There are 2 protein chains.
Amino acid sequence: MRRDVFQAIADPTRREILNMVAYQPLNVNSVAEHFDVSRTAIYKHMKILIECGMIDIKQQGRERYCEAKLTKLNEVSDWIEQYKQFWTTKLDSLEQYLEELQKEKPITTKKKKNGTSKSTR
Amino acid sequence: MRRDVFQAIADPTRREILNMVAYQPLNVNSVAEHFDVSRTAIYKHMKILIECGMIDIKQQGRERYCEAKLTKLNEVSDWIEQYKQFWTTKLDSLEQYLEELQKEKPITTKKKKNGTSKSTR
DNA sequence: ATTTTGTGCAACCAAAAGGTTTCATATATT
DNA sequence: AATATATGAAACCTTTTGGTTGCACAAAAT
C-alpha cells in the first residue's frame, strides 16, 4: 500500500486532523471527538499519518499526544514549485500550438487525393 | 466520488501525466504510450484530470490534444503555505508542551466534579 | 479492589479506485 | 470502398479505502 505525503493529504479528514494537531498537540480522543465518525476510523487516519511521518506520537500516561510534523509537505510544495512557470507564463498555449500545427499540416498530411473526401456526417 | 486537486495529484501516474502535458500538448495515445498499462487505464486517469479541470482538451481531427492547466495547483500550495511557519519555527515543541503539561497537571486535573473534563480543545 | 478511561487491533463490510477486455464510432489513409 | 487509427465507453474484476462493531489491556480514578 502506498504511503506517501501526496496520498496522505488527499483525504479531507486527514487534512483536518493535520490542521488540528498543527496548532497544538492533542491526544487521540480529543482529535476523534471533532469528527462524526468513530474513534477507530479517526485512529486509522492518524495511523496513516504516523506511518508516513506526518505526525509524531508521544506516550503520556495512558494518553498519546500527537503533533504535526509538517516538514514532509516540502515534498509536495517542491513538486508544485517546478510547474509554477507553466501557469504564470504559458497561458492558453494550446490554441497557439494547434494553430502552428495547422499550418504545418499541409506538409505532413499532404497525401490527400483531393479535397472534401466525405460529407461531414 | 471526490474530484478535487488533492485527490487528483495523489496518484503517481496522474502526476506523471500532468508532467508530460505540462511541457507540450499531447494527444491521448501519445500519453498512453509512455506507460505500461492499457490506453484505457490511462484515459481514465486523464478523464479524472479533465473533470477536475487540470487538463484541457481540444479536438483536432480525430485526435484530442491535452494541455495541463496547472493553476489549480495553487489550491494545494496555498493550503501548504499556511503551515510553513509551523515547520520552520516550532521545532520539537511536543516535548516542551508535554513538560509544561506535566507541571500544570496537578492543577488542571483537579476540577473533576464540574464536568467538562473533556480534553483540551 | 473495582470501575472508568484512553488506546490499539482484529474481523468484517460496502464503496471507490485502478485495471482489463471488448465494442462502437468518427476520422484518416490506402 | 476498404482498412487503419484515435478515441470513448461499457462490463467486469481485484485491491484499496474508509468505515463499523467488538474485544483486550494498561493506566487513572473511585
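In what follows, chains are A, B, ... by sequence order, proteins preceding strands, each numbered from 1. Just so you know, these numbers come straight off a predicted model, no measurement behind them.
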B/Phe6: which residues meet the ring-ring contact (aromatic ring centres under 6.0 Å, His included) condition with it, sequence neighbours left out? B/Trp79
Which parts of nucleotides 17-26 of chain D does protein reach within less than 4.0 Å, heavy atoms only, written one letter per nucleotide 5' to 3' as B for base, S for sugar-phosphate only and - for none? SSBBBB----
Listed by chain and number, what are the side-chain hydrogen bond (donor to acceptor under 3.5 Å, both in side chains) partners of B/Arg3, not counting sequence neighbours? B/Glu51
By side-chain hydrogen bond (donor to acceptor under 3.5 Å, both in side chains), which residues pair with B/Ser30, not counting sequence neighbours? B/Asn27
Stem ranges of DNA chain C by first residue number, counting only runs of at least 3 Watson-Crick or G-U pairs under 3.5 Å, come to C:1-30 with D:1-30
How long is the gap from CG on B/Leu73 to CE on B/Met54, to the nearest 0.5 Å? 4.0 Å
Can you check the B/Lys47 NZ to D/dA9 C1' distance for me, whole Å? 7 Å
Partner residues of A/Lys44 under the side chain to side chain contact (heavy atoms under 4.5 Å, CB included) criterion, sequence neighbours left out: none
Residue mapping more 5' on DNA chain D - nearest nucleotide basis, B/Glu33 or A/Gly61: B/Glu33
Please list every donor-acceptor pair under 3.5 Å in which a side-chain atom of residues 7-20 of chain B meets a protein atom from a residue at least two apart or in another chain.
| from | atom 1 | to | atom 2 | distance (Å) |
| --- | --- | --- | --- | --- |
| B/Asp11 | OD1 | B/Thr13 | N | 2.8 |
| B/Asp11 | OD1 | B/Thr13 | OG1 | 3.4 |
| B/Asp11 | OD1 | B/Arg14 | N | 3.1 |
| B/Arg14 | NE | B/Ala8 | O | 2.8 |
| B/Arg14 | NH1 | B/His45 | ND1 | 3.1 |
| B/Arg14 | NH2 | B/Gln7 | O | 3.2 |
| B/Arg15 | NH1 | B/Ile9 | O | 2.6 |
| B/Arg15 | NH1 | B/Ala10 | O | 3.2 |
| B/Asn19 | OD1 | A/Tyr83 | OH | 2.5 |

According to side-chain hydrogen bond (donor to acceptor under 3.5 Å, both in side chains), who are the partners of A/Asp4, at least two apart in sequence or on a separate chain? A/Arg2
What pairs with B/Thr40 under side chain to side chain contact (heavy atoms under 4.5 Å, CB included), at least two apart in sequence or on another chain? B/Ser38
